[in-house]
Amino acid sequence: MAGLLSAEVHHFTYGPITPILAYAVSVLGSLLGLTCTARARRLDPGARRGGWLMLAAWAIGGTGIWTMHFMAMLGFGVAGAALRFDIPITVASAVLAVGVVGIGLFIVGLGKPSVVRVLLGGLFTGLGVASMHYTGMAALRVDGTISHSRNLVIASVVIAVVAATVALWFTLVVSKPGTTFASALVMGVAVCGMHYTAMAGVRVESTQPTLHLHGATAGTLLLPIIVLVVLVVVLLFYALLSEPKEEDAAARAFLDRQAADRLAAQQATAAAQPIGVRRTRLR
């Protein structure tokens with residue numbers, strides 16, 4: 001188009017710090033989420049299992065995926081152009097991330113686990129995560145027109161679906177600490193890979209600079225997001241620490257059985273005592 005020039009796009013404006021932070025946040029969210037799903041699997045179907053799955057959705061969707069997206073976007077820049085984020089659309093992308101992950105976890109976590117459930121949940125969640133990414137990109141305001149490479153959009157959606165399917169499978173089979181951590185590392189690679197694959201296809205055609213771009217700067221949003229992430233992580237750690245461990249549950253069950261045995265013995269003794277007294281009198 002006449003009057004439009006291709007602008008220089010930077011994905012690592014501050015060097016490696018933003019991708020490192022994005023990956024670390026993604027691993028943290030995935031680690032907490034997998035720990036929550038492991039707790040959920042040990043519970044009978046019901047409100048408590050649903051509660052742990054909701055916490056897992058907050059961890060994986062809110063921290064492992066959406067916060068990773070925002071951290072990575074801190075390194076995104078367009079030469080000679082200001083950037084702003086539309087707050088309502090940004091919030092909507094966060095809600096979308098938590099929602100689609102939650103639905104995927106409920107698909108595979110509430111019923112009997114099966115390959116079909118994992119595949120359906122992975123397809124739905126992957127498409128939702130990709131939608132979250134491009135919703136977040138729709139919140140971006142810049143002096144120019146943003147476009148996306150069709151091939152890389154397709155590749156990012158495929159990566160999102162595969163990553164979501166693998167993540168949901170991990171939630172069904174991972175339980176040991178070492179395996180959980182290794183799985184979180186893999187999930188972090190997959191989520192970041194999806195993001196940077198999609199971002200590699202971003203093109204910006206510059207226009208006349210706008211005097212007043214609507215929206216908030218990345219720095220303005222950074223502090224409330226950090227506070228929210230810290231609160232979510234603290235809440236998840238508190239929930240994980242306050243939940244009785246397997247050893248505690250086994251000890252409590254053992255004590256309950258001992259108490260039941262003592263009560264049964266006392267009742268048997270009380271029931272037999274009058275008979276013994278009568279036999280003594282007859283003699």
Side-chain angles (χ1 to χ4, degrees), residues 11-38 53-76 90 93-102 104-105 121-122 125-137 155-171 174 177-200 218 221-222 224-237 240:
H11 297 289
F12 308 101
T13 303
Y14 304 105
I17 184 65
T18 48
I20 290 173
L21 283 176
Y23 179 69
V25 168
S26 183
V27 171
L28 175 62
S30 300
L31 182 61
L32 291 172
L34 290 174
T35 305
C36 289
T37 57
L53 292 177
M54 290 178 63
L55 289 175
W58 273 103
I60 297 175
T63 302
I65 296 175
W66 185 83
T67 305
M68 179 284 309
H69 167 84
F70 186 82
M71 288 296 176
M73 288 302 295
L74 291 176
F76 178 77
T90 300
S93 68
V95 173
L96 182 60
V98 176
V100 295
V101 172
L105 289 174
T125 305
L127 293 176
V129 169
S131 299
M132 177 281 301
H133 173 84
Y134 289 104
T135 300
M137 289 301 297
S156 67
V157 172
V158 171
I159 293 173
V161 171
V162 173
T165 304
V166 172
L168 292 177
W169 179 73
F170 281 157
T171 66
V174 172
T179 310
T180 301
F181 183 70
S183 301
L185 294 177
V186 174
M187 288 172 65
V189 171
V191 172
C192 291
M194 175 266 167
H195 173 85
Y196 284 107
T197 298
M199 294 305 296
L221 294 175
L222 184 59
I225 289 175
I226 290 176
V227 172
L228 181 61
V229 169
V230 170
L231 289 176
V232 170
V233 170
V234 169
L235 173 63
L236 290 171
F237 270 115
L240 290 169

Nearest-0.5 Å distance, [atom1] of residue [X] to [atom2] of residue [Y]:
{"X": "Ile60", "Y": "Thr171", "atom1": "CD1", "atom2": "OG1", "value": "7.0 Å"}
{"X": "Met199", "Y": "Met73", "atom1": "CE", "atom2": "CE", "value": "4.0 Å"}
{"X": "Ile17", "Y": "Ile20", "atom1": "CD1", "atom2": "CD1", "value": "5.5 Å"}
{"X": "Phe76", "Y": "Met137", "atom1": "CZ", "atom2": "CE", "value": "5.0 Å"}
{"X": "His69", "Y": "Thr90", "atom1": "NE2", "atom2": "OG1", "value": "7.5 Å"}

### Message
For Met54, is the CE atom crowded, meaning more than 12 foreign heavy atoms sit under 6.0 Å from it?
### Response
no
### Query
Taking atom OH of Tyr134 as the centre, does the number of heavy atoms from other residues, nucleotides or ligands within less than 6.0 Å exceed 12?
yes
Closest non-hydrogen atom pair, [X] against [Y]:
{"X": "Met194", "Y": "Ser156", "answer": "CG-O, 3.5 Å"}
{"X": "Gly61", "Y": "Ala97", "answer": "O-CB, 3.5 Å"}
{"X": "Val101", "Y": "Ala57", "answer": "CG1-CA, 4.0 Å"}
{"X": "Leu105", "Y": "Leu53", "answer": "CD1-O, 3.7 Å"}
{"X": "Ala38", "Y": "Val174", "answer": "CB-O, 4.0 Å"}
{"X": "Ser131", "Y": "Leu96", "answer": "C-CD2, 3.8 Å"}

### Tyr196 and Tyr23 aromatic centres sub-6.0 Å
no
### Summary
So the side-chain hydrogen bond (donor to acceptor under 3.5 Å, both in side chains) pairs with at least one residue in residues 11-21 (sequence neighbours excluded) are none
### Task
Enumerate the residue pairs fulfilling side-chain hydrogen bond (donor to acceptor under 3.5 Å, both in side chains) with a member in residues 56-68, sequence neighbours excluded, ordered by first and then second residue.
Trp66-Ser93
#### Entry: Verdict with supporting geometry, Ile65 and Met132, side-chain contact (heavy atoms from CB on, under 4.5 Å)
CA-CA 9 Å; Ile65 296 175; Met132 177 281 301; 3.3 Å; yes
Distance-only criterion, 3.5 Å: show the donor-acceptor pairs between side-chain atoms of residues 157-164 and protein atoms not counting sequence neighbours.
none

### Query
When you look at Val25 and Val229, which way does the side-chain contact (heavy atoms from CB on, under 4.5 Å) test go after all the steps?
CA-CA 9 Å; Val25 168; Val229 169; 5.5 Å; no
### Task
Apply side-chain contact (heavy atoms from CB on, under 4.5 Å) to Leu235 and Leu231, showing your working.
CA-CA 6 Å; Leu235 173 63; Leu231 289 176; over 6 Å; no
### Message
Which residue is it: Leu34, Thr180, Thr37, Thr179? I am looking for the one with a side chain to side chain contact (heavy atoms under 4.5 Å, CB included) to Phe170.
### Response
Leu34
